[in-house]
**Student:** 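Before anything else, here's the structure in question.
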Amino acid sequence: MPIHVLPPQVVSRISAGEVVERPASVAKELVENAIDAGATEVRVEIRQGGRRLIRVTDNGCGIPQAEAALAFSRHATSKLRSEDDLARITTLGFRGEALASISAVSQVTMTSRTEGEPTGTMLRLAGGNTIQHEPHGGTVGTVITVENLFYNTPARLKFLRSETTESSRIVELVSAYALAYPELSFHLTDNGRLVLQTSGNGRLYDVLIKVLDPQMGLQLLGLRVPDLESDLNAAPVSGQQPPRITVTGYVSVPALHRATRSYQMFFVNRRWIQDRSLGFALEEAYRTLLPMGRHPVAVLSIAMSPADVDVNVHPTKREIRFQDPRQVFSAVQRAVRHTIIGQAPVPPAVTEPMAVAPSEWARQAQLPLQRDWRTSAGRGQIALEAQRTADAVLSASVPMVERLPMLRVLGQVRQAYIIAEGPDGLYLIDQHAAHERVLFDQLQAEQSAMMASSQTLLEPLPLEFSPQQRALLESVLAPLASLGFDVAPFGGNTFLVRSIPAALNPEQVRAVIAELIEAAKDGIEASSPQSVLAVIACHSAVRSGQTLTLDEARQLVQHLEKTTSPSTCPHGRPTMIHLSSLQLERSFGRR
Ligand code: ADP
Ligand code: MG
């Protein structure tokens, strides 16, 4: 719709107030406008923490020549018409205030052109007054340059923090939008230095590892959505419309935590928002899994009907109100809990009352992870049971076991489990899972030190693939190389493998590469470095059914003790079961 000034009754319904508090608020409004304009590329340039200059360039729809001046008037917007529209806002902007407010306290230059018009507009304003307005050529899209912010309101200048602080807020803001819109390419420079650049390939994980440090990226889990009630396709129950909420994103494994909540970001319908209760819901899901006073890392994106969330609460649009907050919090908690549950600490064997056998516990606790939630029928019953059991066991009283105590290996059971004694009872260790963890950590350390150790095969191994597999394999060659693989095209659909990671059993090369190709097909999560490492670790680890000498078992346990997260394998399954001294005594009626 064309830009128009909102009628007074709509204006009166819009949460009023100042939006331009600091350079980051200017950047926020300009970036939001670029996204609303349908841009696929958004470039942000700042100088001196944004005080001197903030420029946002986009390749969006542009502003028609005839509407350019109007865009800078109060309450002028193309995104909203009536009061009713306020109840279902699908754009980031809707107040028609930003350009007016920004131009009142700075010197603004705008150039813009739409696709349908041969020439565009150049408009310059200072302190809200137009000082130049003329036709302008240029490409389709909009460039808005805001210079000398607060030059005419010195009092507000005083409230600004140091250049570093102000610029870090802008970096955080652009990072947030890059995470919310992985399909858009963002480019940010600070005093001419490139700070962030995303490809716009649509993969959240790729943005995450640019925004966080890569090491942290390796310890994030893609959310698995247990969408039961929140299933978008669920049939309405007894006339009541089911809540339509989906939660996606990444959360940290319990072993990764931070002293502050600054590594948590929440998006609702792709709007970056602040909401303490969402943070609370997130942290509830980690209850008993994190040390006191520590906080998980999370990027959570909640999608719901625009009618179920009020974004017209605060002028900066960062606060929102849910129609049914409890539904949202429980959806968040469930999704997060469901994802990290396999990453729980050593599960205690439940002996009193013997509700479920330890093995049964482990089996049940895994159910939600192994089932395909989207397709399997009758999933609700079993999954809920498993979830409840696992939840009950976890929230019972499990202290976080970050380090394993010294263990004395006693022997092997069923060629699958190592039995060991610790200061507080007995441990039953799954030899395959434990070895997977050891190899995974080793590979990860090598990879992050960029020192992947590889072994050259005695004879190069030719592998033949289908054309589709070939394309997929080509897409993962770079990450493979960083892991110590030398795999190169060898004509047609054949590839020649010359070297492989030192940790990998040469007999498993074909199987590992086949699995990585499968993973690449599944996209985002599967092609993360973490899952590639997990595949290699899994194929190289000792199997169950293999006899271990006492020495071998001891060595394995010693290596396991040194890993980052000895109680879970890279897939999140437990590596061991602990039967405490107390549990033993109780079982024998001594207590
Ligand atoms: P709002 O975003 O709330 O509508 P703004 O003051 O931010 O209010 O912008 C006013 C109008 O100017 C928008 O509704 C839109 O039509 C137009 N506009 C602003 N920035 C851009 C842009 N980068 N590309 C295209 N149109 C824009
Ligand atoms: Mg706007």
Side-chain angles (χ1 to χ4, degrees), residues 1-7 10-11 13-21 24-45 54-83 85-86 88-106 108-117 120-123 125 128 130 133 136 138-146 173-174 177 180-181 184-187 270-272 306 311-318:
M1 81 181 78
I3 302 180
H4 58 277
V5 174
L6 291 170
V10 182
V11 170
R13 290 277 314 278
I14 289 178
S15 164
E18 190 47 66
V19 290
V20 190
E21 287 168 3
S25 357
V26 173
K28 174 171 186 286
E29 297 297 334
L30 298 183
V31 167
E32 290 188 349
N33 280 346
I35 295 173
D36 283 345
T40 56
E41 277 170 35
V42 182
R43 299 175 81 89
V44 183
E45 190 183 330
I54 300 172
R55 174 177 294 138
V56 175
T57 306
D58 70 56
N59 63 350
C61 63
I63 303 180
Q65 251 186 323
E67 299 172 20
L70 195 54
F72 288 87
S73 313
R74 278 244 125 81
H75 311 305
T77 181
S78 58
K79 303 171 191 175
L80 187 72
R81 198 184 303 262
S82 65
E83 279 183 79
D85 295 341
L86 269 179
R88 40 163 194 273
I89 288 166
T90 53
T91 46
L92 293 168
F94 56 88
R95 306 172 71 243
E97 290 252 43
L99 292 184
S101 308
I102 293 167
S103 62
V105 292
S106 65
V108 175
T109 308
M110 181 198 78
T111 58
S112 188
R113 181 164 82 81
T114 62
E115 197 164 16
E117 295 176 307
T121 313
M122 186 300 225
L123 192 60
L125 301 95
T130 305
H133 186 173
H136 182 82
T139 50
V140 174
T142 305
V143 184
I144 296 189
T145 310
V146 175
L173 171 101
V174 178
Y177 277 105
Y181 291 84
L184 307 190
S185 162
F186 287 84
H187 187 275
R270 308 179 106 198
R271 185 188 296 280
W272 182 35
V311 295
N312 181 23
V313 176
H314 190 268
T316 64
K317 302 168 289 182
R318 281 208 60 193

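Ligands are counted one by one from 1 in listed order, and the atoms in each one are counted from 1 as well.
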**Student:** Checking the side chain of D36 only, and the main-chain atoms of L92 only, is there a donor and an acceptor separated by less than 3.5 Å?
**Tutor:** yes
**Student:** What atoms of ligand 1 come within less than 4.0 Å of a heavy atom belonging to E97?
**Tutor:** 6 (O), 8 (O)
**Student:** Going by distance only, is there an N or O of A37 that falls short of 3.5 Å from an N or O of ligand 1?
**Tutor:** no
**Student:** With heavy-atom distances below 4.0 Å as the criterion, list the atoms of ligand 1 near A71.
**Tutor:** 10 (C), 12 (O)
**Student:** So does I3 get a backbone contact from the side chain of E67, meaning a donor-acceptor N/O pair under 3.5 Å?
**Tutor:** yes
**Student:** Tell me the closest heavy-atom pair linking Y177 and W272, and the distance in Å.
**Tutor:** OH-N, 4.2 Å
**Student:** Applying a 4.0 Å heavy-atom criterion (strictly less than), which segment of L99 is in contact with ligand 1: side chain, backbone, both, or neither?
**Tutor:** both
**Student:** Going by the atom numbers of ligand 1, which of them fall below 4.0 Å from some non-hydrogen atom of R95?
**Tutor:** 3 (O)
**Student:** With heavy-atom distances below 4.0 Å as the criterion, list the atoms of ligand 1 near D58.
**Tutor:** 22 (C), 23 (N)
**Student:** How close do L6 and R95 get, counting heavy atoms only, and between which atoms?
**Tutor:** CD1-O, 4.4 Å
**Student:** Which of the listed options, A76, P64, G141, holds the heavy atom that is closest to atom 10 (C) of ligand 1?
**Tutor:** A76
**Student:** Regarding ligand 1, does A98 bring an N or O atom to under 3.5 Å of one of the ligand's N or O atoms?
**Tutor:** yes
**Student:** What is the closest protein heavy atom to atom 1 (P) of ligand 1, and at what distance does it sit?
**Tutor:** G96 N, 3.6 Å
**Student:** For S101 and R74, does a side-chain donor sit closer than 3.5 Å to a side-chain acceptor?
**Tutor:** yes
**Student:** Check whether any N or O atom of E29, backbone or side chain, sits under 3.5 Å from an N or O atom of ligand 1, and answer yes or no.
**Tutor:** no
**Student:** Any sub-3.5 Å donor-acceptor pair from E83's side-chain atoms to V10's backbone N or O?
**Tutor:** no
**Student:** For V105, run the side chain to side chain contact (heavy atoms under 4.5 Å, CB included) check against V26, V20, V146 and tell me which one passes.
**Tutor:** V20
**Student:** Does S78, backbone or side chain, put an N or O under 3.5 Å from an N or O of ligand 1?
**Tutor:** yes
**Student:** Take atom CZ in R43; do more than 12 heavy atoms of anything else shown fall under 6.0 Å from it?
**Tutor:** no
**Student:** If I apply the N/O under 3.5 Å rule, does I3 come out as touching ligand 1?
**Tutor:** no
**Student:** Between ligand 1 and G62, can you find any atom pair, the residue atom being a heavy atom, that is separated by under 4.0 Å?
**Tutor:** yes
**Student:** Report yes or no: does T77 have an N/O/S atom closer than 2.8 Å to the Mg ion (ligand 2)?
**Tutor:** no
**Student:** Could you find the nearest protein heavy atom to atom 4 (O) of ligand 1 and give me its residue, atom name and distance?
**Tutor:** T77 OG1, 2.5 Å
**Student:** Using a 4.0 Å heavy-atom cut-off, say whether F72 meets ligand 1 through its side chain, its backbone, both or neither.
**Tutor:** neither
**Student:** Can a salt bridge be assigned to the pair R270 and E32 using a cut-off of 4.0 Å between side-chain N and carboxylate O?
**Tutor:** no
**Student:** Among protein heavy atoms, which lies nearest atom 21 (C) of ligand 1, and at what distance?
**Tutor:** N33 CB, 3.9 Å
**Student:** Please confirm whether the backbone N or O of P2 pairs with a side-chain atom of H4, one donor and one acceptor, at under 3.5 Å?
**Tutor:** yes
**Student:** Under the criterion side chain to side chain contact (heavy atoms under 4.5 Å, CB included), which of I63, V56, N33, L99 is the partner of I144?
**Tutor:** L99
**Student:** What is the minimum heavy-atom distance between C61 and V140, and which atoms define it?
**Tutor:** O-CG1, 4.4 Å
**Student:** Counting heavy atoms only, name the option from I63, V42, I35 that's nearest to atom 27 (C) of ligand 1.
**Tutor:** I63
**Student:** Under 4.0 Å from a heavy atom of G93: which atoms of ligand 1 are those, numbered in the order shown and with their elements?
**Tutor:** 2 (O), 3 (O)
**Student:** Just to confirm my output: which protein heavy-atom neighbour is closest to atom 2 (O) of ligand 1, and how far is it?
**Tutor:** K79 NZ, 2.7 Å
